[in-house]
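Whatever order the structure lists ligands and atoms in, that order sets their numbers, starting from 1.
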Amino acid sequence: MPTSSPALEIDGLVKDFGPVGALDGRMVRVLDGVSLRAEHGAVTVLLGANGAGKTTTLECAQGLQRADGGRVSLLGADPSRATPHLRARVGVMLQDGGLPPSVRPLALLRHVASMYADPLPVDALAERLGLDEFGAVSIRRLSGGQKQRLALACALVGRPEVVFLDEPSAGLDPQSRTIVFELIRELRADGLAVILTTHLLDDAQRLADYVYILEGGRTVAEGTVAELTADADGARELRFETVPGLSFPPDLLPHLLQRETEPGQYVLRGPLTADDVARLAGWWVACGVMPTGISMAPRSLEDVFLDISGRSIR
Ligand code: ATP
């Protein structure tokens, strides 16, 4: 990563909660040394299973929770002592929105915009995120995806230098997701530091400049998507579809993992070469089968995530 002054720098963050329940009254350590850096003009993504500590990390970074150890620097300042000047430079979209239910969406967005010295033009932002379609209905009557778009608009309207987005695409239909992603990319190109959490590995793969994977309150892996998915042994995955019940001869491709994942669906994984593909094709000829589908791909973020955590992201 570049070494210029980052938008956010977290070093060895520790957070304890508790006492939890009435049984033993002990504190529980939910963050145990999280470190990360988020640059200007980049999308930094935090991945992790439920309870890994993503939201708590963001809350400490925003100054909403006080850290019990480690150091957090947001735009060069301590967020737990944020001044109005620092707050005005930071946009936040929380997981549950925190939107007032009885207010109308456009009225809220105008109100939020009025608190900033140089807000984005409200009408253009509302149109861009499709808020004008439901601008006159009270917030309590909005769908989950509509609330998400409104919360995103509120986080962005003050032209922040850093924006925190907790699961920004949760509940969005595919079209809204595309609109939101385009907007995030444009703002990134203007120098905005975007820090987001998601459960959708596909989102991370499409948007992220840099990824941190959290597990049990620690940062267990980091890198660009290309770095994380590149395998030391050049692993690739080849899938093919044909008649069920074929069994791979033991000496065909012994260096690759081979499985029939579902009847008629086969996967080979490992350091695949063109020679391996030719041997596989020779075996198909010998068996008298012609696959109805073949695909090959590098490791996905999901593979990386599964390798690290040994479980699915949800
Ligand atoms: P999710 O994907 O479900 O949103 P997350 O990675 O954002 O999860 P956090 O919400 O940061 O995880 O929670 C991390 C751990 O801290 C969880 O075990 C959670 O139960 C615990 N936790 C969070 N807030 C509190 C709190 N106020 N008091 C006690 N425990 C808490």
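For the residue pair Leu200 and Ser169, the shortest heavy atom distance occurs at CD1-OG, 3.7 Å. Nearest heavy atom pair, residue Lys147 against residue Ile139, reads CE-O, 3.4 Å.
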Residues 76-83, side-chain donor-acceptor partners within the protein, below 3.5 Å, at least two apart:
residue: Asp78; atom: OD1; partner: Ser80; partner atom: N; Å: 2.9
residue: Asp78; atom: OD1; partner: Ser80; partner atom: OG; Å: 2.8
residue: Asp78; atom: OD2; partner: Ser80; partner atom: OG; Å: 3.2
residue: Asp78; atom: OD2; partner: Arg81; partner atom: NE; Å: 3.3
residue: Thr83; atom: OG1; partner: Leu86; partner atom: N; Å: 3.2

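The distance criterion of under 3.5 Å between nitrogen or oxygen atoms is met by Gly53 with respect to ligand 1. At under 3.5 Å, a nitrogen or oxygen of His199, whether backbone or side chain, sits near a nitrogen or oxygen of ligand 1. Residue Phe17 has no nitrogen or oxygen atom sitting less than 3.5 Å from a nitrogen or oxygen atom of ligand 1, judged on distance alone.
Checked for salt-bridge contact, Glu59 and Lys15 miss the test: no charged N lies under 4.0 Å from a carboxylate O.
The heavy atom nearest to atom 5 (P) of ligand 1, out of those in Met27, Lys15, Glu215, Lys54, is found in Lys54.
The same ILVMFWY cluster, assembled from side-chain heavy atoms under 4.5 Å apart, contains both Leu183 and Leu109.
With a heavy-atom cut-off of 4.0 Å, Glu59 does not touch ligand 1 at all.
Residue contacts with ligand 1: Ala49 is included, with a non-hydrogen atom under 4.0 Å away.
Ligand 1 places these atoms under 4.0 Å from at least one heavy atom of Val30: 15 (C), 16 (O), 21 (C).
Of the N and O atoms on the side chains of Gln258 and Tyr266, not one donor lies less than 3.5 Å from an acceptor on the other residue.
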